[in-house]
Amino acid sequence: MLRYPTTLTGWARCAALLSVIALLFVGCAPNTPQDPLNPAGPFARQPDQLWNLTFWIAVVIFFVVEGAIVFALVKFRHRPGRKAAQFHGNTRLEVVLTAVPALILAGLAVPTVRTVFTLGSNPSGTMPLTVVAHQFWWEFSYPDHGIKTANEMHIPTGTTVRLRLEGAATDPVTGGAEVIHSFWVPRLAGTQDIVPGHVNYLLMEADSPGVYLGQCKEYCGLSHANMRIRVIAHTRDDFEQWVADQQAPAVTSELAAEGAALFAGEAGDLSQPCAACHSVDSSLDAQPAIGPNLTHFASRDTFAGATFENNEANLRAWLADPSAVKPGATMPDLGLTRDQIDALVEYLQTLE
Ligand code: CUA
């Protein structure tokens, strides 16, 4: 007959066992878009291969050591009448036990150092891309193409992209220092901190077209979890087309003119116009980035740190009260009326 635990200890053991089982099942997730063990480019594959090598060496060592312990426990266990051997030290054994791990570590150091240097190198022919981390969104600049975008990064496949990771100098609201963020798109590259006032570099490349998800990996405030990244890898031709679309001026319709005027501060009585923080000029010398560059906003799948799907309902909720949907968001609640939100949504959705 099945017996249920009747004491607290019984339940505690049961809970501990279930937790372990639940943890094990986490490894069975069928959809893991941010799994570094499923690399999709050379700069994610190299550390993965290094990890595999280290892991299997560790597995062999584990079984050799544990096997020796079990063997000794069984073979030399207490038996009536048998007295344990009494001795102290064994120089030859100690030399072997020191030399073998040292040799293994020295051997592992070769691929490790090689990988570290490869990942830190500056190969020729890379595409430069500047990443600036803000609370809580990403600014992407393409110096070779003269364009700027936010949160969704587009790259060509088979091309090494060299990310220049810059920490924004100051927080646009408090004027104080920005905080540390960390850029991580696990399937395409390792992770690198973005430190205010410093520049770090990271190599990234995608083998094939697709969308690769990532996020900020350093706790940076209330909406750290909402500071996500989407990398969209295109074939060379598609990428060139995307660049051309981004370089072209955004199309606006007459319907959206009211929203455009509101945005620019030419109409309405907002405490500050949207244009005080957001640029609709995608060139690199566009006004300083306090908020994401919105030039081709409608061509993006997501917004607000790649957190929300870019649709009318989400946009309305966001404009009505940013902090309500993204805690700690720097964008203020402008107290927009329903009509003003109508006009702004109309305008933003024409920014193809
Ligand atoms: Cu930015 Cu966490």
Side-chain angles (χ1 to χ4, degrees), residues 26 32-37 43-44 47 119 128-142 148-155 161-204 211-232 277-279 286 288-294 297 300-310 314-315 317-318 321-333:
V26 168
T32 52
Q34 296 191 56
D35 185 0
L37 300 182
F43 300 105
L119 296 179
L129 210 159
T130 303
V131 176
V132 183
H134 301 269
Q135 272 176 319
F136 299 97
W137 61 281
W138 303 93
E139 182 187 349
F140 302 133
S141 303
Y142 296 69
K148 214 178 229 191
T149 182
N151 298 323
E152 296 185 5
M153 177 190 285
H154 292 250
I155 59 169
V161 181
R162 189 164 189 248
L163 303 173
R164 181 187 156 89
L165 306 166
E166 291 179 6
T170 51
D171 181 293
V173 174
T174 63
E178 248 288 349
V179 299
I180 300 175
H181 303 269
S182 191
F183 183 92
W184 198 27
V185 183
R187 295 192 63 204
L188 297 184
T191 174
Q192 184 71 266
D193 276 7
I194 305 192
V195 183
H198 290 267
V199 173
N200 281 329
Y201 290 93
L202 188 66
L203 294 177
M204 193 171 87
V211 178
Y212 302 93
L213 304 184
Q215 62 185 62
C216 180
K217 202 215 74 209
E218 179 75 38
Y219 181 68
C220 54
L222 268 184
S223 262
H224 159 68
N226 294 324
M227 191 166 167
R228 304 180 198 173
I229 307 158
R230 289 165 80 85
V231 176
I232 298 111
C277 299
H278 298 283
S279 179
I290 295 171
N293 189 299
L294 299 180
F297 177 80
R300 296 177 199 158
D301 295 331
T302 55
F303 69 97
T307 300
F308 305 116
E309 194 184 319
N310 189 356
N314 287 344
L315 210 46
W318 172 252
D321 188 356
S323 296
V325 288
K326 185 178 172 186
T330 305
M331 178 154 136
D333 177 1

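Start at 1 and go down the list; that is how both ligands and their atoms are numbered. Start at 1 with the first residue, then count along the sequence.
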Q. Rounded to the nearest 0.5 Å, how far does CD of Glu309 lie from CG of Leu315?
A. 11.5 Å
Q) Out of curiosity, Ser323 OG to Met331 CE, how far, rounded to the nearest 0.5 Å? A) 9.5 Å
Q) Quick check: does Met227 have an N/O/S atom under 2.8 Å of atom 1 (Cu) of ligand 1? A) yes
Q: Could you tell me whether atom 2 (Cu) of ligand 1 has an N, O or S atom of His181 under 2.8 Å away?
A: no
Q. Within a strict 4.5 Å, meaning less than it, do heavy atoms of the Leu129 and Met204 side chains meet?
A. no
**Q.** His224, N/O/S atom nearest atom 2 (Cu) of ligand 1
**A.** ND1
**Q.** Rounded distance (nearest 0.5 Å) linking atom OH of Tyr212 with atom CD1 of Ile229
**A.** 15.0 Å
(Q) Nearest N/O/S atom of Glu218 with respect to atom 2 (Cu) of ligand 1, by atom name, please. (A) O
